[in-house]
Engineer: 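This is the structure I have questions about; it appears just below.
Chain identifiers are assigned alphabetically (A, B, ...) following the order of the sequence lines, protein sequences preceding nucleic acid strands; residue numbering begins at 1 within each chain.
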2 protein chains.
Amino acid sequence: MKLDDAAAHLEALGNPTRLKIYRALIRAGGAGLAVGRLQEKLKIAPSTLSHHIKALVVVGLVTQVRDATTLICHANYEVMRELVGFLVAECCTESAEPTDTKTAA
Amino acid sequence: MKLDDAAAHLEALGNPTRLKIYRALIRAGGAGLAVGRLQEKLKIAPSTLSHHIKALVVVGLVTQVRDATTLICHANYEVMRELVGFLVAECCTESAEPTDTKTAA
DNA sequence: ACGGTATTTCTAGAATGATCGAAACAGACC
DNA sequence: GGTCTGTTTCGATCATTCTAGAAATACCGT
């Protein structure tokens, strides 16, 4: 994962509302959670919720599957794992000075 | 770590410039890195850099120690570990439905 | 096709953030 | 005290984000 991608993911999660959305989806497990259920749970305006979900979908942290009229949202574990992997590899270990060809800037 | 704190930390890291700053500090290891060195490395205006460093300091991801006229910045590993811990515990495991007294909202 | 539920898009306003130059401040050194 | 280097604050500008109401769209059941 590249730094800019990681930053984009972190930014997506760096909003309390979106982090709550994401956490709710994680807790929902493999079954996922419909947008409407999220709306009930989190008590935010549908348009606001849609806006935030979109932000999560764009960066790949959340995926959606249509089930009739309802849209089921799923947390994408793989992307989160990549993100955590990036943090651990590049931001938790002192010896993280890699091939410094053009990494600094 | 509470959700709002985690979101604040994620937001602080969710900016390419700040993530670069943080990563540079990690790579600098225990010795840390002076603001001026960061400025040379990242090639951004001093005022902008100061602005971003402050954001990282406020949430505790970075600490500063004065060495004469230069300010040495250090990455705070402990805070990062807590953040990663939060992500892994609350956002990576399906069975993360805790005492749901007032967690949803 | 109509009606109903689910969700998004549009639009807009307030708030916040990023950026940077100029000026101010902090501390060391002569 | 003056001066030099290092860093922050101030002030301004431009862009983005958050929020949500209203309208539009999507899809199902009849």
Engineer: If I take atom CD1 in residue B:I44 and atom C1' in nucleotide C:dG21, what distance separates them, rounded to the nearest angstrom?
Structural biologist: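 Distance check: B:I44 CD1 to C:dG21 C1' gives 15 Å.
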Engineer: For B:L42 and C:dC20, give me the distance from atom CG to atom C1', rounded to whole Å.
Structural biologist: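 So the CG-C1' distance, B:L42 to C:dC20, works out to 16 Å.
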Engineer: Within the 4.5 Å heavy-atom criterion, are B:F86 and B:L3 side-chain neighbours or not?
Structural biologist: yes
Engineer: Restricting to side-chain hydrogen bond (donor to acceptor under 3.5 Å, both in side chains), what partner residues turn up for A:H9, sequence neighbours left out?
Structural biologist: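 For A:H9, no residue satisfies side-chain hydrogen bond (donor to acceptor under 3.5 Å, both in side chains) once neighbours in sequence are set aside.
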Engineer: What pairs of residues pass the side-chain hydrogen bond (donor to acceptor under 3.5 Å, both in side chains) test when at least one of them lies in residues 56-73 of chain A, not counting sequence neighbours?
Structural biologist: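 Applying side-chain hydrogen bond (donor to acceptor under 3.5 Å, both in side chains) to every pair that reaches into residues 56-73 of chain A, excluding sequence neighbours, yields nothing.
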Engineer: Using a 4.0 Å cut-off on heavy atoms, which residues in residues 61-72 of chain A reach DNA chain D? List them by number, or say none.
Structural biologist: A:R66, A:A68, A:T69
Engineer: Once you round it to whole Å, what is the distance between P of D:dT17 and CG of A:L56?
Structural biologist: 13 Å
Engineer: Over how many whole Å does the gap from A:I53 atom CD1 to C:dT7 atom C1' extend?
Structural biologist: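 To the nearest whole Å, that distance equals 9 Å.
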Engineer: In the 5'-to-3' direction, what one-character label does each nucleotide of nucleotides 9-18 of chain C receive under the scheme B = base within less than 4.0 Å of a protein heavy atom, S = sugar-phosphate only, - = no such atom?
Structural biologist: B--------S
Engineer: B:L49: what forms a side chain to side chain contact (heavy atoms under 4.5 Å, CB included) with it, not counting sequence neighbours?
Structural biologist: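 For B:L49 the side chain to side chain contact (heavy atoms under 4.5 Å, CB included) partners, ignoring immediate neighbours, are B:I21, B:V35, B:L38, B:Q39, B:I44, B:I53.
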Engineer: Under the side-chain hydrogen bond (donor to acceptor under 3.5 Å, both in side chains) rule, what pairs show up with a residue in residues 44-53 of chain A, not counting sequence neighbours?
Structural biologist: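 Residue pairs passing side-chain hydrogen bond (donor to acceptor under 3.5 Å, both in side chains), neighbours aside: A:R18-A:H52.
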Engineer: Which residues pass the side-chain hydrogen bond (donor to acceptor under 3.5 Å, both in side chains) test with B:E40, not counting sequence neighbours?
Structural biologist: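 Here the qualifying residues are B:R37.
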Engineer: Just to verify, what does B:E11 make a side chain to side chain contact (heavy atoms under 4.5 Å, CB included) with, not counting sequence neighbours?
Structural biologist: none
Engineer: Only counting residues at least two apart or in another chain, list the ones meeting side chain to side chain contact (heavy atoms under 4.5 Å, CB included) with B:A8.
Structural biologist: B:V59
